[in-house]
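To keep things clear, I will list the structure first and then write my remarks on it.
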Amino acid sequence: MAIQLVTTAAGLRAESARLLRQKGGTSQGLVPTMGALHAGHAQLARTAVAQNDVVVVSIFVNPLQFGEAVDLERYPRTLEADLALLEAEGVDLVFAPGVEEVYPGGEPMVRITAGPLAEKWEGASRPGHFDGALTVVAKLLHVGTPGAAARSQLPDYRAYFGQKDAQQLALVQRMVADLNFPVEIVPVPIVRSADGLALSSRNRFLSTEEHEAALVLSRALLLIEDRANAHEPLDLESARALVDSQPLVQLDYFEVVDPHTLEPLAENCKDTPFRGEGLALIAAKVGPVRLIDNVPLNS
Ligand code: PAF
């Protein structure tokens with residue numbers, strides 16, 4: 001079936017209800033995106049299609065989560081290519097609203113406050129970013145909620161988020177738990193290019209030389225993962241030194257944290273073998289481009 005494009009919340013509700021009825025479906029998946037889709041998003045869509053009868057992908061470049069107006073303007077808009085990628089993955093519906101549809105009265109007066117989990121790591125260098133991201137995610141989760149279209153019981157409702165944005169994922173999970181959103185959040189693993197670089201819509205801004213330099217991020221993470229798997233001390237300092245040895249890369253942070261609270265697991269990383277569950281987080285500027293990456297640890 002050809003993919004359909006809707007631009008209003010009313011259109012999304014009507015079309016998803018019609019599709020659920022038509023398919024006799026009992027589940028709906030939502031994949032929130034800002035477009036400029038790549039193989040990482042394709043993996044989100046593929047996972048959603050495998051687990052749900054009806055799949056909606058939203059494409060909305062959310063002004064609330066951008067600090068600088070210039071970043072918002074520069075964000076790539078590639079709707080035609082995005083639609084082709086999603087159609088190939090078997091997505092049913094794309095919801096691509098304009099700013100007026102999402103924020104009809106201008107910027108919302110009432111917003112989600114992301115709280116202390118948003119103050120560190122990415123939040124430290126992007127004040128207000130996670131409040132803006134959670135506010136739009138809350139709205140998208142509401143408008144993407146399936147109605148009781150097909151059966152007497154409510155359809156299952158799942159939403160898909162990439163593990164690459166680990167802090168965003170932790171915050172969305174917290175919001176859904178703390179505020180009782182009736183949706184299951186499904187984390188989807190990072191997709192990497194053959195050379196190890198985590199896929200991101202920002203990679204297109206890297207020169208060939210910067211792309212080569214950026215590979216030190218995944219190499220350093222791999223080092224930490226190997227040490228965790230070998231039950232060795234993680235020795236973060238030597239992994240940080242590896243990143244610092246690359247002149248085009250300016251390290252912001254490289255830490256091992258608890259995956260839920262995002263608090264550093266410092267004592268686990270020095271001289272004693274790593275035990276338990278962790279998440280190695282890294283962020284760096286490569287030339288003009290800020291990149292993030294992470295790897296889950298389980299030892
Ligand atoms: O991860 C993103 O692309 C965005 O932060 C999201 C979740 C679509 C909200 O705008």
Side-chain angles (χ1 to χ4, degrees), residues 7 9 12 29-45 47-48 55-68 71-79 81-82 85-86 89 91 93-99 101-103 107-108 111-114 117-118 121-123 125-145 157-176 179 181 183-191 198-205 281 283 289-294:
T7 56
L12 170 59
L30 172 71
V31 184
T33 79
M34 297 207 298
L37 304 182
H38 49 65
H41 297 105
Q43 182 64 29
L44 291 174
T47 310
V55 171
V56 179
V57 174
S58 65
I59 297 180
F60 177 62
V61 183
N62 174 34
L64 283 195
Q65 69 190 80
F66 286 83
E68 308 279 337
D71 289 342
L72 174 63
E73 273 159 36
R74 230 180 41 168
Y75 198 86
R77 273 96 168 156
T78 57
L79 186 62
D82 293 349
L85 177 145
L86 296 172
E89 293 301 337
V91 167
L93 257 181
V94 169
F95 175 49
V99 176
E101 174 69 16
V102 179
Y103 303 119
E107 290 203 353
R111 302 173 186 216
I112 300 287
T113 304
L117 208 55
W121 316 128
E122 284 313 282
S125 57
R126 304 177 73 187
H129 165 75
F130 286 118
D131 290 2
L134 288 190
T135 299
V136 84
V137 168
K139 286 175 74 87
L140 292 169
L141 289 174
H142 288 314
V143 297
T145 303
Y157 183 27
R158 305 182 183 94
Y160 296 78
F161 291 84
Q163 284 177 340
K164 175 157 170 300
D165 293 303
Q167 191 170 9
Q168 171 173 275
L169 172 63
L171 280 160
V172 168
Q173 285 170 321
R174 255 339 267 247
M175 174 177 78
V176 162
L179 303 181
F181 280 50
V183 60
E184 178 193 346
I185 301 301
V186 183
V188 178
I190 293 178
V191 178
L199 295 192
S200 160
S201 29
R202 293 181 183 181
N203 293 354
R204 69 185 71 197
F205 299 123
L281 292 178
V289 186
R290 186 183 165 80
L291 297 178
I292 57 171
D293 197 353
N294 67 80

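Values below: all heavy atoms of this structure, side chains included; hydrogens, waters and symmetry mates excluded. Start at 1 and go down the list; that is how both ligands and their atoms are numbered.
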### Task
If the plane angle is over 60° it's perpendicular, under 30° parallel, otherwise tilted; pick one for Phe66 and Tyr75.
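The arrangement is perpendicular - the two ring planes meet at more than 60°.
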
#### Entry: Considering all heavy atoms, the nearest Phe161-Leu44 contact
C-CD2, 3.7 Å

Check ligand 1 against [X] and write out every atom of the ligand that is under 4.0 Å from a heavy-atom position of the residue.
X      : value
Met34  : 3 (O), 4 (C), 8 (C), 10 (O)
Thr33  : 8 (C)
Val136 : 9 (C), 10 (O)

### Query
Which residue owns the protein heavy atom closest to atom 9 (C) of ligand 1, what's the atom, and how far is it?
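Answer for atom 9 (C) of ligand 1: Gln65 OE1, 3.4 Å.
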
### Query
Which protein non-hydrogen atom lies closest to atom 7 (C) of ligand 1, naming both residue and atom, and how far is it?
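Ranking protein heavy atoms by distance from atom 7 (C) of ligand 1, first comes Gln168 NE2, 3.5 Å.
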
### Message
What I want to find out is whether Arg290 reaches Glu122 closely enough, with some N-O distance under 4.0 Å, to be called a salt bridge.
### Response
yes

### Message
Would you say CZ of Arg111 has more than 12 non-hydrogen atoms from neighbouring residues, nucleotides or ligands within 6.0 angstrom?
### Response
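Above 12, so yes.
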
### Query
Residues two or more places apart in sequence or in another chain: which of them pass salt bridge (Lys or Arg N to Asp or Glu O under 4.0 Å) with Arg204?
none

### Message
Tell me the contacting part of Val137 for ligand 1: side chain, backbone, both, or neither, using a 4.0 Å heavy-atom threshold, strictly below.
### Response
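Just the side chain.
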
